[in-house]
Amino acid sequence: MTNRVVLAYSGGLDTSVAIPYLAQQTGGEVVAVTIDLGQGGEDLEAVRQRALDCGAVEAIVVDARDEFAEEYCVPTIQANGMYMGEYPLLSAISRPLIVKHLVKAAKEHGGTHVSHGCTGKGNDQVRFEVSFANLAPELEIIAPARDYAWTRDKAIAYAEKINLPIEQSKKSPFSIDQNVWGRAIETGFLEDLWNPPTKDLYAYTEDPGLGNAPDELVISFESGVPTAIDGKKMCVLEIIEELNRRGGAQGVGRLDMVEDRLVGIKSREVYEAPGAMVLITAHKALEDVTVERELARYKRLIDARWSEEVYDGLWYGPLKRSLDAFIQSTQKFVTGDIRLVLHAGNITVNGRRSNQSLYDFNLATYDTGDTFDQSHAKGFVKLHGLSSQIASKRDREGHGA
């Protein structure tokens, strides 16, 4: 049987060179699969044609934008998903969806192998390969950049040697990954932690210091799912795109962090995720008024653990599925509107309303009409601090070991 490699194809230098290289290494054929996740940029029909011109026997483009928004971005919103409390998981949530479609293509086109362009240093190799192992363990995996020590210089030289029909600029030293949920930039001069990002790094966001007038908007949710902006109903994809535009114009969603990678090293990453950050901020604010205190406290722990599982490439794992079920159960009453102001890189919540709100004005007010019985508070305070008080007495009297 002829080997057939199903390749995650972006259209760039590395994956274009991978087509003839994989064919040479395996003695087989290559099927290129490109997934549209709202990354924008080049026309994907041109990308498909380039794959064929580089020697692919089949080239497939899958429009997965709505699927990505509804089945991957929405769970991230509901989990307030941010790794290390900062990174909104924009690359991490895209990999399991890409794998899903690569596996589907392998079944439809007789694939025996799957291939990705990840190196051995990053997180994405784990996300791809653990997902493959969960969905289609029978497929063999090839990672040219890791398994064959394939470098960018080698790729350029190989392309020139065999006259591949691609134009490749050597100017950009950065590694960039983007989709509708955000954009990630790494390597190049960013590897020196003291170097600040330069203006040319950014594409989704304007300079926060431009002085644009503040932008006030209202985001509506139903059971934790965003449904409208300023009263206008939209699908989730349209909402993310609109918030990317409006948040991006205010410089919202820029992030420069040193990240703890799964493989054990620290890595400097720059992100732009205006829509993601606006939606997570709004969702958190709505949970603050609709989720009961003890449940909210515990959910914050679950949100952090969910983010770690997803970051670590375990989207299809049993713990993540169980965490999904818990998080989904918390979203029943997360319905209402959040008003925010976007300005100079900041997101400020200044209004909340919900018919599922747990905020009781009559209990909260300090004015006439207050229904909170303060006479109960004295005994509550005494009992609440009793165990600590007993321990402090022991410590003062020197009865400790």
Side-chain angles (χ1 to χ4, degrees), residues 69-70 73-82 85 88 180-181 212-253 273-304 306 326-374:
E70 293 166 12
C73 297
V74 165
T76 306
I77 296 166
Q78 294 179 329
N80 302 310
M82 290 195 288
V180 75
W181 197 234
N212 292 333
D215 184 5
E216 186 174 84
L217 65 152
V218 176
I219 302 176
S220 301
F221 291 84
E222 294 178 13
S223 298
V225 179
T227 57
I229 298 176
D230 294 331
K232 181 182 178 183
K233 291 281 187 180
M234 301 181 187
C235 71
V236 178
L237 176 64
E238 291 169 334
I239 287 173
I240 298 170
E241 290 174 334
E242 176 70 1
L243 293 176
N244 277 339
R245 184 184 68 78
R246 292 174 69 169
Q250 294 290 337
V252 162
M277 296 308 297
V278 172
L279 282 167
I280 290 173
T281 300
H283 179 263
K284 276 182 173 179
L286 188 56
E287 283 192 331
D288 287 344
V289 298
T290 58
V291 179
E292 183 271 335
R293 185 188 72 164
E294 293 304 310
L295 179 58
R297 283 179 169 180
Y298 196 72
K299 183 176 183 290
R300 284 191 282 273
L301 301 175
I302 297 301
D303 288 346
W306 186 93
F326 171 83
I327 290 168
Q328 191 59 47
S329 75
T330 69
Q331 298 301 292
K332 181 178 179 180
F333 300 115
V334 186
T335 295
D337 304 316
I338 295 295
R339 189 176 62 229
L340 314 96
V341 176
L342 312 179
H343 186 230
N346 297 310
I347 307 167
T348 304
V349 174
N350 69 2
R352 310 144 180 90
R353 64 187 176 197
S354 170
N355 58 14
Q356 304 293 342
S357 174
L358 297 176
Y359 176 84
D360 186 323
F361 176 85
N362 292 323
L363 287 173
T365 184
Y366 286 87
D367 294 333
T368 302
D370 178 8
T371 60
F372 186 91
D373 189 343
Q374 296 194 40

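What you see is a predicted model, and the numbers here were worked out from it, not measured in a lab.
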Inset, instruction - Return yes when atom OH of Y359 has more than 12 non-hydrogen atoms of other residues, nucleotides or ligands closer than 6.0 Å, and no otherwise. - result: yes
Legend entry - Partner set under side chain to side chain contact (heavy atoms under 4.5 Å, CB included) for N80, not counting sequence neighbours: I280, H283, K284, E287, K299, D303
Inset, instruction - Could you list the residues that satisfy side chain to side chain donor-acceptor pair (under 3.5 Å) with R245, not counting sequence neighbours? - result: E242
Inset, instruction - Identify, with sequence neighbours excluded, every residue that meets side chain to side chain contact (heavy atoms under 4.5 Å, CB included) alongside L295. - result: V291, E292, F326, T330
Inset, instruction - Just grab all the salt bridge (Lys or Arg N to Asp or Glu O under 4.0 Å) pairs involving residues 358-373, residues at least two apart or on different chains. - result: none
Inset, instruction - Run the numbers on T76 and W181 for side-chain contact (heavy atoms from CB on, under 4.5 Å), then give the verdict. - result: CA-CA 10 Å; T76 306; W181 197 234; 4.0 Å; yes
Legend entry - V349 vs D288 side-chain heavy atoms within contact, under 4.5 Å: no
Legend entry - Interatomic spacing from CD1 in I338 to CG in L217 - rounded to 0.5 Å: 11.0 Å
Inset, instruction - Sequence neighbours left out, what pairs pass salt bridge (Lys or Arg N to Asp or Glu O under 4.0 Å) with at least one residue falling in residues 221-236? - result: E222-K233, D230-R246
Inset, instruction - Among residues two or more places apart or on two chains, list those pairs meeting salt bridge (Lys or Arg N to Asp or Glu O under 4.0 Å) that have a residue in residues 344-357. - result: D337-R353
Legend entry - T290 (side chain) donor-acceptor with L286 (main chain) under 3.5 angstrom: yes
Inset, instruction - Without swapping roles, check the side chain of N244 against the backbone of V180 for a donor-acceptor pair under 3.5 Å. - result: yes
Legend entry - Interatomic distance, N212 atom CG to H343 atom NE2 [nearest 0.5 angstrom]: 7.5 Å
Inset, instruction - For Q78 and C73, indicate whether the former's side chain and the latter's backbone hold a donor-acceptor pair under 3.5 Å. - result: no
